Amino acid sequence: MPELPEVEVVRRGLADHVVGRTIERAEFRGARVARRHLPGPLDLAARLEGNHIQEARRRGKYLWLVLRAPDGHQQGLIAHLGMSGQLLVEPSEAPEEKHLHARFTFADGDPELRFVDQRTFGGMALAELTPEGVPEPVAHIAPDPLEAAYDQAAVVRRMKTRDSAVKRALLDQSLVSGVGNIYADEALWRAQVHGERLCSSLTKPALRRVLDHAREVMLAALGEGGTSFDALYVNVNGASGYFDRSLHAYGQEGRPCDRCGTLIRREAFMNRSSFSCPHCQPRPRLRHG
DNA sequence: CTTTTCTCCTGTATGC
DNA sequence: TGCATACAGGAGAAAA
């Protein structure tokens with residue numbers, strides 16, 4: 001399930017294999033992959049043809065290619081992988097994947113680029129860039145902990161005023177981006193904080209610790225090529241990451257905590273699952289009123 | 001405004 | 001064996 005480290009691995013792959021090339025033809029299949037493009041997928045494809053790819057950029061879980069049209073106009077081609085999206089660089093003769101949603105061929109020939117997504121939570125969009133160089137639909141996404149614009153002190157101040165669970169805040173991409181369910185659970189385990197603790201009830205140093213750990217666990221995962229659990233997440237070259245061997249909380253229900261040996265528990269949270277250590281991460285007292 | 005819930009999708013695992 | 005159900009979950013819309 002692609003979170004920041006996995007998306008960064010894909011971005012690097014795009015930088016290596018797609019940047020510097022010119023799109024010859026684009027094709028979108030189905031109505032969902034071309035997001036919010038009212039003129040439709042055929043129009044979107046036509047607009048991409050002849051564009052030169054200048055850069056592959058990322059903020060949080062959003063990826064975009066900086067395109068330059070023949071007339072010099074720059075736009076961003078956004079790609080969000082959702083939870084099962086893949087960008088594959090392949091020879092054009094490669095058999096079509098079952099859930100192939102888009103393909104791009106280039107003026108210099110093979111390889112081509114494909115967007116494959118089983119669950120179609122992901123999608124692509126063409127958008128204008130803001131003066132800061134971010135596509136407009138991405139402008140509301142906060143900087144992620146690995147970019148220069150990330151201001152952790154400001155994030156801590158905003159979190160401190162929130163009357164919501166700290167895990168909910170970690171997952172709020174408008175507060176800090178790039179963190180998903182896996183790395184949220186890992187960061188909370190490392191910080192020894194239960195995700196149901198209210199932001200406003202935690203001290204600023206505790207909030208700082210949670211964010212520090214989120215940054216560190218994502219950096220560690222990036223060093224190992226990202227996390228993967230099944231064949232769904234594959235990087236741009238088709239190779240899976242393997243950080244899942246290093247997880248301490250996520251998916252570890254019933255296994256002993258690597259710090260204290262207490263069995264890791266699973267709890268329902270926001271219509272999904274949270275994993276934590278009952279001893280290291282005690283639940284907050286129930287709110288009442 | 002802030003906060004929470006719902007919805008989109010399909011392959012895999014589990015239960016009867 | 002077959003069918004029904006639960007689950008995975010990012011993010012934006014909708015609701016509260």
Side-chain angles (χ1 to χ4, degrees), chain A residues 1-8 10 28-38 58-64 78-87 97-102 115-125 127 134-142 144 155 157-188 195-201 214 218 221 226-234 240-241 244 247 249-254 265-275 287 289:
Chain A
M1 298 123 204
E3 300 182 25
L4 184 153
E6 293 77 22
V7 178
E8 174 60 15
V10 174
F28 294 92
R29 298 183 184 178
R32 272 186 67 81
V33 65
R35 288 300 161 83
R36 289 177 298 193
H37 192 75
L38 295 179
R58 180 189 58 73
R59 168 163 281 183
K61 305 169 194 172
Y62 278 87
L63 270 174
W64 66 93
I78 303 167
H80 196 293
L81 302 178
M83 59 182 294
S84 56
Q86 300 167 251
L87 284 165
E97 289 77 8
K98 182 174 179 185
H99 299 289
L100 176 64
H101 295 298
F115 182 79
V116 175
D117 190 358
Q118 173 189 113
R119 291 172 217 175
T120 57
F121 276 24
M124 303 186 81
V134 175
E136 281 166 355
V138 184
H140 69 291
I141 299 295
D144 65 63
V155 175
R157 284 195 297 273
R158 287 182 66 194
M159 281 180 86
K160 182 66 184 166
T161 69
R162 290 212 171 183
D163 289 318
S164 70
V166 62
K167 181 168 176 180
R168 193 182 284 276
L170 276 180
L171 297 175
D172 182 346
Q173 306 297 300
S174 69
L175 192 57
V176 53
S177 69
V179 183
N181 203 40
I182 297 169
Y183 296 115
D185 277 4
E186 291 303 304
L188 291 164
E196 294 271 21
R197 295 283 302 277
L198 291 185
C199 290
S200 52
S201 78
M218 291 196 294
T227 301
S228 179
F229 297 96
D230 44 31
L232 285 180
Y233 165 70
V234 187
S240 296
D244 51 307
L247 297 177
Y250 184 87
Q252 306 302 305
E253 181 184 20
R265 69 184 157 199
R266 175 164 70 164
E267 297 167 295
F269 181 76
M270 287 172 69
N271 282 326
R272 40 185 58 82
S273 293
S274 286
F275 299 87
R287 284 175 271 165

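All values reported here derive from a predicted model rather than from experimental measurement. Throughout, a chain's letter reflects where its sequence line sits, starting with A, and its residues are numbered from 1.
In this entry the distance linking NZ of A:Lys167 with C1' of B:dT3 reads 17 Å, nearest Å. Distance CE (A:Met270) to C1' (C:dA11): 10 Å, rounded to an integer number of Å. Rounded to an integer number of Å, the gap from CD of A:Glu97 to P of B:dG11 is 14 Å. Rounded to an integer number of Å, the gap from CG of A:Leu171 to P of B:dT5 is 14 Å. Separating the CG atom of A:Leu175 from the C1' atom of C:dG12 is a distance of 17 Å, rounded to the nearest angstrom. We find that CE of A:Met83 is positioned 12 Å from P of C:dA11, with the value rounded to whole Å. B:dT3 atom C1' lies 7 Å from atom CZ of A:Arg168, rounded to whole Å. Here B:dG11 presents its C1' atom at 13 Å from CD of A:Gln86, a figure rounded to the nearest Å.
Checked for salt-bridge contact, A:Arg58 and A:Asp144 meet the test: a charged N lies under 4.0 Å from a carboxylate O.
Each of C:dC7, B:dC9, B:dT3 was ranked by its minimum atom distance to the side chain of A:Arg32; first place goes to B:dC9. Among C:dG10, B:dC6, B:dT10, the nucleotide with an atom closest to any side-chain atom of A:Arg119 is B:dT10. With B:dT3, B:dT10, C:dG12 as the choices, the nucleotide that has an atom nearest any side-chain atom of A:Asp163 turns out to be B:dT3. Comparing B:dT4, C:dG12, C:dC7 by their nearest atom to the side chain of A:Arg266 picks out C:dC7.
Along DNA chain C, the nucleotide nearest to A:Gln173 and the one nearest to A:Ser273 differ in position, and the one closer to the 5' end is contacted by A:Ser273.
You'll find the side chain of A:Ile78 stays beyond 4.5 Å of the side chain of A:Arg35, heavy atoms only. Residues A:Leu87 and A:Leu81 form a side-chain contact, since some pair of their non-hydrogen atoms from C-beta on lies under 4.5 Å apart.
The ring of A:Phe121 does not lie on top of the base of C:dA11; it is either too far (5.5 Å or more) or too tilted (30° or more).
Across all strands shown, A:His101 has no heavy atoms under 4.0 Å from either base or sugar-phosphate atoms.
Applying the 3.5 Å distance criterion, the base of C:dG10 shares a donor-acceptor pair with the side chain of A:Arg272.
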